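Letters A, B, ... mirror the listed sequences (proteins, then strands); counts begin at 1. Given the structure is predicted, the values throughout are model-derived calculations rather than measurements.
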Amino acid sequence: MPNSGAFASRRGERGEGFPKSARLLDGAGFRAVLQRGRRRSGPCFTLYLWIRPGRPCRLGLTVSRKAGKATERNRIKRVTREYFRQHQIRFRDGFDCVVQARPAAGNSSNGTLRAGLDTLFAPWLIASPGGGTDPEATPCDG
RNA sequence: GGAGUGGGCCGGGCCGCCGCCGGCAUCCUUCGGGAUGCGGGAGGAAAGUCCGGGCUCCACAGGGCAGGGCGCCGGGUAACCCCCGGCGGGGGCGACCCCAGGGACAGUGCCACAGAGAGCAGACCGCCGGCCGGGAGCAAUCCGCCGGCAAGGGUGAAAGGGUGCGGUAAGAGCGCACCGCGCCUCCCGGUAACGGGAGGCGGCAUGGUAAACCCCGCCUGGAGCAAGACCGAAUAGAGGGGCACAUGGGAUGGCCCAUCCCGCCCCCGGGUAGGUUGCUUGAGGUGACCGGUAACGGUCAUCCUAGAGGAAUGGCGGCCAUCCCGGCUUGACGACCGGGAAACAGAACCCGGCUUACAGGCCCACUCCCUUU
RNA sequence: CGGGGCGUGGCGCAGCCUGGUAGCGCACUAGCAUGGGGUGCUAGGGGUCGGAGGUUCGAAUCCUCUCGCCCCGA
């Protein structure tokens, strides 16, 4: 069952929303991902990802105080959420993931943060059809 | 025009697309929720958590001790280590600024080094007098010895009032005058702190340190919304009831004996994960008037202004405004074109303060200096 | 939300309570011993005591404010 199909029934055909069902909301969910998921690291983030076929993708965020003060931490979380929201339609299969910010994220620009997320999520992303950058692309449930 | 002092205020604006979190209305629903529309969504410090309260729970007859805090006077306030207005002291030409600012005749401790002497002080250099006698010398005088002195030098952060006159061998509050100081009495101004004045007493006794111990006066129960209240899985354990009842199963053992362990359903309390609540209308904001020097208070009118909870308030783009740089243009400013910059910082129960951080900008009052009239 | 601790030469620490001299180890520099190095011995340099105010004659030390770091508890 294609992931985008599950979303289309809930969020309409665009698939760009970010409701609570797309987030990890309790300690059990976080613990499961951190223990069972695969881990990839970049300079700004560490990504834990646990593939759960047929279920909607969910995101959890961990930004410790080492990443910066409250304003910095909020910025990191916003950039990450926005990235997830805009790219979830291109995700290969259902999964839960936890994005953990590293101290270097604190003094990185928004563009650097997005680039770091690109590298980490690359294995689970379907290339945009036609190589274009159109966010209105065809749903990927071929 | 320049330099400066005090106080107050702002913390970019508008639009489009895609998102997030509450509220209200309507509709749909598989009762988990969803759709549409309307409207709302960070700060002056939301920060640090340094004080003070509200609120909640726990403890508590009253009082005291210990510990901690505060400390000129008057006022403001729910309260304060806050604020306002005074007083005293210190700094600045000035506008103004700074001060934990009770008590050192209740007691104890400390004051390094230097210095003769550092606490009911003291003779190093000095100054003065004397000398039966001793040494040098014709002598003056010097050395020495005995005694007087706190004026001068010198030490120090600090050496037991200052100036002048008298006095004396030399000196000294030793005496006197003036100034200063302490205590007492009285008068005037002030609610008071305190200020001003008059008189008397004391020749001066009373160095500093209490952000050293301490004394005096006043204040002070503990925790914190993860407070507290309600609902409540799964799993384990305990209790009660019912069913199953032995001839059952498992472990130790070569086997018997022996020993040990094991069921299903329902109910109850405690209570974890999780959920609901506390949760935003409040010592509230704004405006006018009145009282007050002011902090602030009163009356009336008006407004509702974030409530998240693995934690929302965002992303992208455009235009305008501000500032800077370059080009171009002009007598100069401006206009135009291109590029860049825009801080500190994110609500977590809520208020009143304090403190700290901060790009750029605005307003008011006042002071000093220069120039012109 | 509440509590505790630490900032002193390049590094790790003492000194603070009870105020007057900032000391120890390693490291560094020079000399000697060795053919050279390790090592040993001798001598030497180097510290706004995190920052700003205050109390005091005098502050690393006492007081207030502040900055940074670390660790607990709910």
Taking atom P in both C/G58 and B/G352, compute the distance separating them and give it to the nearest angstrom. 43 Å
In whole Å, measure the gap between the C1' atoms of B/G117 and B/A158 for me. 13 Å
Rounded C1' spacing from B/G44 to B/G68 in Å: 34 Å
With rounding to whole Å, what would you report as the distance between B/A321 and B/A347 at their P atoms? 36 Å
Same-atom distance (P) from B/C31 to B/A283, integer angstrom: 45 Å
If a protein heavy atom is under 4.0 Å from the base, mark B; if only from the sugar-phosphate, S; if neither, -; do that for nucleotides 307-315 of chain B going 5' to 3'. --SBSSSBS
Can you tell me how far P in B/C257 sits from the matching atom in B/G248, rounded to whole Å? 11 Å
Would you measure the distance from the P atom in B/G361 across to the matching atom in B/A342 and give it in whole Å? 15 Å
Taking all atoms of both residues into account, what is the closest heavy-atom pair of A/Arg102 and A/Ser41, and its distance? NH1-CB, 4.5 Å
Do A/Arg58's NZ or CZ and the ring of A/Phe95 fall within the cation-pi criteria of under 6.0 Å and 45°? no
Between residues 65-72 of chain A and RNA chain B, which residues have a heavy-atom gap below 4.0 Å? A/Lys69, A/Ala70, A/Thr71
Taking the C1' atom of each, how far is B/A238 from B/C349, in whole Å? 40 Å
Tell me whether the centres of the aromatic rings in A/Phe30 and A/Tyr48 are closer together than 6.0 Å. no
